[in-house]
Amino acid sequence: MKVVTGVVGNDIHVVANRLMELSLHARGYEVFNLGVNTYLEEFFDAAVETGAEILLISSLNGEAEGWGREVKQLKAKYKYLDNLVMMIGGNLTVGSGHAEDIIPKYKNYGFDLVCHQVDLNTGLDLLETFIADRKITESNQS
Amino acid sequence: MKVVTGVVGNDIHVVANRLMELSLHARGYEVFNLGVNTYLEEFFDAAVETGAEILLISSLNGEAEGWGREVKQLKAKYKYLDNLVMMIGGNLTVGSGHAEDIIPKYKNYGFDLVCHQVDLNTGLDLLETFIADRKITESNQS
Amino acid sequence: MSLLQEEREIILGNEYVDTFDFAEVEDFVKNASKELFISHHFKKKNKMLVQPRGGFPTYKKQFALYEFFVDANVDVLPLTIDSNTRLNDYGTAKKMLRLSEDNDVDMLNGYPLVNHGYRTTRKMMTHFNKPVSLRHGTPDARLLIETAIASGIFEIEGGPITYLLPYSKNFPLDKAFLYWKYVERVCANYSKLNEPINRESFGPLTATLVPPCITIVIQLLEMMLSLEEGVKSFSVSFSQSGSMNQDIVMGAVIRKLSKHYAAQIDCADAAINLVYHQWMGAFPTNKDYAEQLISISTVIASMVGADKIITKTREEATGIPTKEANAKTVANTQYSLGILNGLPNVVDQEEEEILTEEVHSIMEAVFNDPADTLWRKVFNSIKNGIIDVPFSPHIINHNEMITIRDAKKNIRIIERGSVPISDRCYAYERAQCDLTKDTTSIVNDIIHDIGIMQ
Amino acid sequence: MSLLQEEREIILGNEYVDTFDFAEVEDFVKNASKELFISHHFKKKNKMLVQPRGGFPTYKKQFALYEFFVDANVDVLPLTIDSNTRLNDYGTAKKMLRLSEDNDVDMLNGYPLVNHGYRTTRKMMTHFNKPVSLRHGTPDARLLIETAIASGIFEIEGGPITYLLPYSKNFPLDKAFLYWKYVERVCANYSKLNEPINRESFGPLTATLVPPCITIVIQLLEMMLSLEEGVKSFSVSFSQSGSMNQDIVMGAVIRKLSKHYAAQIDCADAAINLVYHQWMGAFPTNKDYAEQLISISTVIASMVGADKIITKTREEATGIPTKEANAKTVANTQYSLGILNGLPNVVDQEEEEILTEEVHSIMEAVFNDPADTLWRKVFNSIKNGIIDVPFSPHIINHNEMITIRDAKKNIRIIERGSVPISDRCYAYERAQCDLTKDTTSIVNDIIHDIGIMQ
Ligand code: B12
Ligand code: B12
């Protein structure tokens, strides 16, 4: 499966991003890593160009909260992205927040999977379960 | 002025006791230090023998709470101790307690001055104020 | 009028600056209390100075933070700048500052110094009368530094390399050098009026598996670029590496070589100080463990014999620390420094020798670059990978060097890329590691080594 | 039947003991899990073992404490005995235990092991299946130790000197030697059945300005008295002195000399371990500072290269610690040990040489005593002040030696009393201190030095 990943906004925390690339490779994905300092448009453009099924966004410095609000509106402008699995992880707020408050907010922004201060591999396990579940649902519906 | 001092019961914490002797000397008292591991009778006997005006008891390991209950009864057996200034200091409870609870308890046992986890010199300053106040009261009453 | 002064007038003619009175500022610096100058404290103090990190948007909150720090017996106050100001976006900063003031909520991750202006900020600095250190991360810090010095902030952190390679992906490196040249000159000029303004380089870089030789080379080069312009008080710095011995060795070598290279450009008269950063990499989320890590950093700083320590808090992994947590670290660090006595003097000759040789080799390669000025030589050396910073997000950085930790957790180079360390040193570095493992295990080791303190 | 066995039967015929089944106990020790033996862990472990302190009156509370410790990743569990049991007053202990059980309040400051008995206690020890260390302070520990070993407790702390001079004012020292001889023999005999029982000496003594030479001499003598009786695994110990360098020197010298003196009495086959106590003197009342002190102790223990560390808690100055605070120290100490890497190897030859000479001089004086057995030589040496422990409350102790801290906070001897250190060493000790001060200032210094960590 094809995955587009990167760190959103002016955030330059690159370490998790390097590990993300390694982990995704190890799990057999075809990875398109846009690196740090990547804007929303660039993510969606890349998803369209590569035909990726998954978009994995990182945010570490707290910026995501600002960018998140624009996700739905922007994504609506693109065709062919309706089935894109949208996932975000890292530090999803400025200061310290609680997952209970943060997750619903980001689901509302249009993310399927939200991992606030969750370890990379735990997050990627969740992703795989999510994809497997969706396949079952789809085949049931067809 | 003559002072009898020591550490009550089976308590062998000797350090504060050594400092006590030094501080009392420095303040000009005539000191009779009975050292650690001193029982109540020994304190009162020494007060009578030396004609001390002040009795300073230390307790560090928490034992004082046990011994305190016997003070009034025992002291009543001695003549000539009615004017003895009775002071106690150190760690006056097992575990950690609050001064608000501890002070009234020990006053009730018959101590004039109660210093739970109070620094030696602060305690000795209190003692001097107490003695000065008492002199004024006495001369007013006479 | 000098070219520099012409440039200054353009910079300070910025619409967000409320008329900059050059003469008045000069006068202020000339008569400013010595207490405000960290260079003065470095001279007279006989203990390690303790400096926390911290910046809030409003004057009121910054003032309250300083009160907490003073209660905790701080030696040096920090002023951390918000990220809009760092990107010279004073418009957004202004808007966010107003929102923060009106709604009593923090809309900025630091103090927007340019918007507050020097007349206001100076009141706070002279009120506390303690040395203040400016922490930013700005490639074009010209206006910011003018405002800082006019406010009474007499220590400026950063540099063209250390504030660029870890902090930016696309900002042009050559421009950064030129903008910092301006900063050095302004600092140098003001230094003539009273005690010197102190410049400090940011040694932690990406705080992730950076080998000592790269850190030291960059420290030395930023020091030289600064002294060249007339700066008279400079701090080199580095952060806890994860191995106590490697830190001690790094401290010894950087102290020796900074004197050496300062003398080489006839700047032996400048005061060079050593600053140690408590662990700058990924922190444990368990706050008790974070405190252990912080105390251990303090012990190592003492073993290193640093002149100043910059602290972290138990909340590092979670988010921006509260003022309470921040002040607590200061008080704890001061207490620890007081009880750290009878420190042994540790010397590891072999490690020192290898590291010294590595640094000399890289420095020589930089100097051998055919360009005409030092900054151009350094620029070229970064561009062609003679200097290579692991985990830098910047596009100009080569990312060819690979480092891992040996059994004692020393950071070792297992792929040198284009960094010209000698074969002897390279062999020594590799010999410390177990390279018989397969690639997957080595990658797993690297992943583990990044989070070594977790 | 041997004399020892006769004595054992008398001791174990105590009215508070519910029929002691010698054969069953022997069988239990023979087949006991290796995990219960700390001597086994010392052999196989490659990290410092972490052991807290702690004892509660009831089985239930002690069990709960152990659960906390296990969650915190403890290596060695403690069993601290109440003070009635220490004074062999099993009657009072029994009464207080009943009161504690009935009213859910602690009426004892430790676990009354004899009253609980070995059949009950063994269930707890085998349930957790971790090595347990017995901490008491009892001069006549014969019954206590029999009960401990029968319960599965295979490390016994104490000794005739270290559990007497700091802990008692009047108990006869000669009797203490004889009672401990019994203990050593019982330990030695059980050691033949499975892994050896470990004996540990209590090096901290009064934890107040005890000079290294006195600590080491006492450690060596208790070790020899123990090995003489056939003990095969022994731990010497000391506590943080206040100077990192002095601790490192002490560690090096005690490690070297314990091997030396063990070999001298043909006991080179015994395993000798080194135990380090986190700061044992007066603690700061500020709990955050107490934690700093504790972390720094851990760093020093690592520099010393101890085999085991015994921890304190942030609540030390306030009173007996809660199980939460106690477990927290264990977890923190384990974390710290994990991140302490690349420790330098420190050697201070001059200090080592002086200390070694001091120890040899005192040991020689002890051996030269005309008495026929080692314990009588030691007894005489304490009685005539050849061994003198500062701040001991015991009437037999001379209290003539005076110690203060030098500028680096090393403990130095400024009055040697009757302790026979050479003039050269004495001059060295005094030369480190400023003795030109008047007596009042020196007394003030001593007062300050006692509370050095506050
Ligand atoms: C190293 C570091 C830096 C380095 C970065 C070097 C570099 N270029 O990478 C330097 C020193 C340059 C730096 C700068 C700054 N930093 Co910084 N930094 C850190 C630090 C200490 C470690 C980050 C790290 O590398 N972790 C290691 C990686 C492996 O872990 P990770 O990033 O947390 O990622 C893990 C998970 O989050 C997860 N994950 C990440 N993404 C995703 C995505 C998905 C889908 C999933 C499932 C999981 C996942 O997987 C990873 C492994 O488990 C953190 C604090 C901490 N965590 O200890 C602060 C921290 C992230 N930084 C912070 C800040 C504010 C900054 C600055 C803005 C300002 C400043 N104070 O200097 C600048 C940033 C400038 C910018 N434009 O972004 C804050 C963010 C605050 C917030 N969110 O509220 C933090 C939390 C520190 C703090 N407490 O204040 N920083
Ligand atoms: C050193 C020490 C020891 C040494 C003592 C050596 C010796 N012979 O002196 C050793 C290791 C042998 C020891 C043994 C024990 N100790 Co102890 N020990 C300490 C420690 C760490 C320091 C005490 C000290 O010397 N302080 C320095 C002096 C100068 O300060 P101070 O004693 O607190 O006195 C000051 C004030 O209290 C005041 N003061 C004292 N008396 C008076 C009197 C007056 C009138 C006034 C005004 C002021 C005043 O002045 C002093 C200076 O400011 C304390 C904890 C701490 N405080 O950090 C525990 C502590 C006192 N010990 C304690 C205990 C329980 C014991 C033991 C029973 C059991 C054990 N766990 O080993 C045995 C005691 C045996 C016995 N029979 O008493 C507990 C007491 C608990 C309680 N009260 O609830 C403490 C608090 C530790 C703890 N948190 O568990 N101990």
Side-chain angles (χ1 to χ4, degrees), chain C residues 72 240-250 279 283-284 286-300 302-303 314 325 327-348 351 405-411 432 449 451-454, chain D residues 72 240-250 279 283-284 286-300 302-303 314 325 327-348 351 405-411 432 449 451-454:
Chain C
Q240 186 177 359
S241 70
S243 152
M244 192 192 283
N245 200 51
Q246 195 160 44
D247 286 350
I248 294 172
V249 168
M250 226 190 298
W279 181 251
F283 251 70
N286 178 319
K287 292 179 185 177
D288 289 327
Y289 293 173
E291 279 191 3
Q292 300 297 306
L293 173 51
I294 289 171
S295 326
I296 290 174
S297 295
T298 307
V299 181
I300 301 177
S302 298
M303 305 276 294
R314 56 188 266 118
K328 188 171 150 172
T329 297
V330 173
N332 286 350
T333 304
Q334 294 285 22
Y335 172 76
S336 291
L337 292 176
I339 63 168
L340 275 164
N341 288 304
L343 292 161
N345 182 24
V346 178
V347 179
D348 184 330
E351 289 284 341
R405 289 182 186 278
D406 67 16
K408 292 175 179 166
K409 305 296 172 195
N410 296 298
I411 301 169
Q432 311 308 312
D449 289 348
I452 195 65
M453 296 305 187
Q454 298 203 301
Chain D
Q240 185 175 1
S241 70
S243 151
M244 192 192 284
N245 200 52
Q246 195 161 42
D247 286 350
I248 295 172
V249 169
M250 225 191 298
W279 180 251
F283 252 70
N286 178 320
K287 293 180 185 177
D288 289 328
Y289 293 173
E291 279 192 3
Q292 300 297 305
L293 173 51
I294 290 170
S295 325
I296 290 175
S297 295
T298 308
V299 181
I300 301 177
S302 299
M303 306 276 295
R314 54 189 266 120
K328 188 170 149 172
T329 297
V330 173
N332 286 350
T333 304
Q334 294 285 22
Y335 172 78
S336 290
L337 291 176
I339 63 168
L340 274 164
N341 289 304
L343 292 161
N345 181 24
V346 177
V347 180
D348 184 329
E351 290 283 342
R405 291 181 184 279
D406 67 17
K408 291 175 180 167
K409 305 296 170 195
N410 296 298
I411 300 169
Q432 311 309 310
D449 288 347
I452 195 66
M453 297 305 186
Q454 299 203 302

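Quick caveat, the model's predicted, so the values are computed rather than measured. Keep in mind that the numbers below use all heavy atoms, side chains included, and drop hydrogens, waters and symmetry copies.
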Rounded to the nearest 0.5 Å, the CG atom of C/Leu343 sits from the CE atom of D/Met303 at a distance of 8.5 Å
Value for OG (C/Ser243) from CD1 (D/Ile339), rounded to nearest 0.5 Å, stands at 12.5 Å
Heaviest contributor of heavy-atom pairs below 4.5 Å to chain C, chosen from D/Asp348, D/Ile248, D/Ile452, D/Leu293, is D/Leu293
- Query: Do the side chains of C/Ile296 and D/Ser336 get nearer than 4.5 Å, heavy atoms only?
  - Reply: yes
Residues passing the side chain to side chain contact (heavy atoms under 4.5 Å, CB included) test with C/Asp288, sequence neighbours excluded, are C/Asn286, C/Arg314, D/Lys328, D/Asn332
Per-residue tally against chain D (heavy atom, under 4.5 Å) across C/Ala407, C/Ser295, C/Gly338 peaks at C/Ser295
If you tally heavy-atom pairs under 4.5 Å between each of C/Lys409, C/Gln292, C/Met244 and chain D, the highest tally belongs to C/Gln292
Smallest heavy-atom separation, D/Lys408 atom then C/Asn341 atom, equals O-CB, 3.5 Å
Honestly, the part of D/Tyr335 sitting under 4.5 Å from a heavy atom of chain C is side chain
